[in-house]
Protein chains: 2
Amino acid sequence: MTEKQTRAPRLDARRNHARILEVAHAVVAEQGTQASLRDIARRAGIGLGTLYRHFPTRDELLETLLGERFDRLAATAAALETTHPPADALTEWLAEYAAFTTVYRGLTSSVMTTLEDENSSLHASCLAMRQTAGRLLSNAQQAGLVRSDVTGIDLFALVNAVGWIAEQAPSLSARRDHLLGLVLDGLRPAAGRP
Amino acid sequence: MTEKQTRAPRLDARRNHARILEVAHAVVAEQGTQASLRDIARRAGIGLGTLYRHFPTRDELLETLLGERFDRLAATAAALETTHPPADALTEWLAEYAAFTTVYRGLTSSVMTTLEDENSSLHASCLAMRQTAGRLLSNAQQAGLVRSDVTGIDLFALVNAVGWIAEQAPSLSARRDHLLGLVLDGLRPAAGRP
DNA sequence: ACCTGAACACCGTTCAAGT
DNA sequence: ACCTGAACACCGTTCAAGT
């Protein structure tokens, strides 16, 4: 078979696609995940309908902007599992994800909202990542380093929540690492507690 | 002096004020803190300009809807301080606040956003509450029950963050108490930790 | 096959005109 | 003193008309 299984897109379409993503990244970096789609089309110099043709929903656009990063975070999780002891692997990955959280304002909201919406384009790539990272949690739990009543979603929600906090006010942004530390400490099993 | 220090408002103004609040509560309960102001005016049967005359900003409206609750939460904190031992008083109050968090969708966002905005009408009443509740934290810390590197804002941010999580998805809403428990556990001083 | 922009139904905010 | 709604500048989304 040749390199085109589906029909090759027209040249102008390919160029528009690329141009949209380029501009969208810039605008979303400025205005956050709720950025004006109209503004993106305007700045990209294309018709509004063209934007919608390439990305029928906002999530579709976000997925294209974030997909690679989700994949990389999944790969990082897989790598950490083999190179690091359970506890280190988990905390390291969580720090990585916390950093990811800062690339766009509103990112944590976007991710969390689409968590249980299987129709969202963000669902699949995010789920894959969460499943890979979930193994790090299981490992840490089996090693007795994390409470057993913490689910993967619990933990994921908490990291995103700390990211959300950091978005709310400058002074809180400065405390992000500290807050993440506090939260993660709470996940350790109670040693000598009632 | 008589009962009117400032001039008494006209009857129609008083009625509109009350009607707005009544309808606003209903609409915000339905749509969350980002509810359409136009919709509120429409449903209240008043002109949009009238809504703006009574509440020049959305925060002003929210403050009027939430002010009493903030005051009550402050009073609860003051009461708990005298009736309960430090640790109980703190966790009890936090549970109370966590419950408050559920009255309107988007409430945690609204509160957190205006935390460092002294111009917001939500600022004052919320600050007063936080200061009273802050004493519960201090007491718990002095009794050695809570890590000393936790500030009042840290803790307030974390409770709101758990409220935010619960807003994001139904399954997470069911875990809200569990998540709050996890987070609060993380605030206890490390007994025998490295 | 793809692009375009007008059209529609919404917002928030302001302000001249009314009573 | 207070109310009203039109006016303005924005949205997101759709779709007939173009090439």
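Below, read A as the first sequence line, B as the second, and so on, with proteins coming before strands; counting in each chain starts at 1. Not measured: the values here are computed from a predicted model. Worth knowing before you read on, the calculation uses all heavy atoms, side chains too, and leaves out hydrogens, waters and symmetry mates.
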Point to revise | Electrostatic pair A:R15-A:D12, nearest N-O below 4.0 angstrom | key: no
Revision key, fill the gap. Its contact letters, B for base, S for sugar-phosphate only and - for none at protein heavy atoms under 4.0 Å, make nucleotides 6-16 of chain C read -B---BBBBB-
Point to revise | Base-pairing mate for D:dT19 - Watson-Crick or G-U, with both contacts under 3.5 Å | key: C:dA1
Check your understanding: Which part of the nucleic acid does B:H54 contact within heavy-atom distance under 4.0 Å: base, sugar-phosphate only, or nothing?
Key -> sugar-phosphate
**Study point:** Euclidean distance, atom CD1 of residue A:I20 to atom P of C:dC2 [Å, nearest integer]
**Key:** 12 Å
Point to revise | Atom NE2 of B:H25 with >12 non-hydrogen neighbours under 6.0 angstrom | key: no
Exercise for review: Keeping the roles fixed (side chain from B:R105, backbone from B:E30), state whether a donor-acceptor pair exists under 3.5 Å.
Suggested key: yes
**Study point:** Test item: B:H178 side-chain N/O and A:D154 main-chain N/O as donor-acceptor pair under 3.5 Å
**Key:** no
Between side-chain atoms of residues 108-115 of chain B and protein atoms elsewhere (two or more places apart, or another chain), which donor-acceptor pairs fall under 3.5 Å?
from, atom 1, to, atom 2, distance (Å)
B:S110, OG, B:T33, OG1, 3.0
B:S110, OG, B:G106, O, 3.2
B:T113, OG1, B:S109, O, 2.6
B:T114, OG1, B:S110, O, 3.0
B:T114, OG1, B:V111, O, 3.1

Review point. Taking OP1 and OP2 of D:dC3, is either one under 4.0 Å from a side-chain nitrogen or oxygen of B:N16?
Key: yes
Point to revise | Nucleotide D:dG18, atom P - distance to CD1 of A:I46 in whole Å | key: 21 Å
Review point. Ignoring hydrogens and geometry, is there a side-chain-to-backbone donor-acceptor pair from B:R58 to B:Q34 under 3.5 Å?
Key: yes
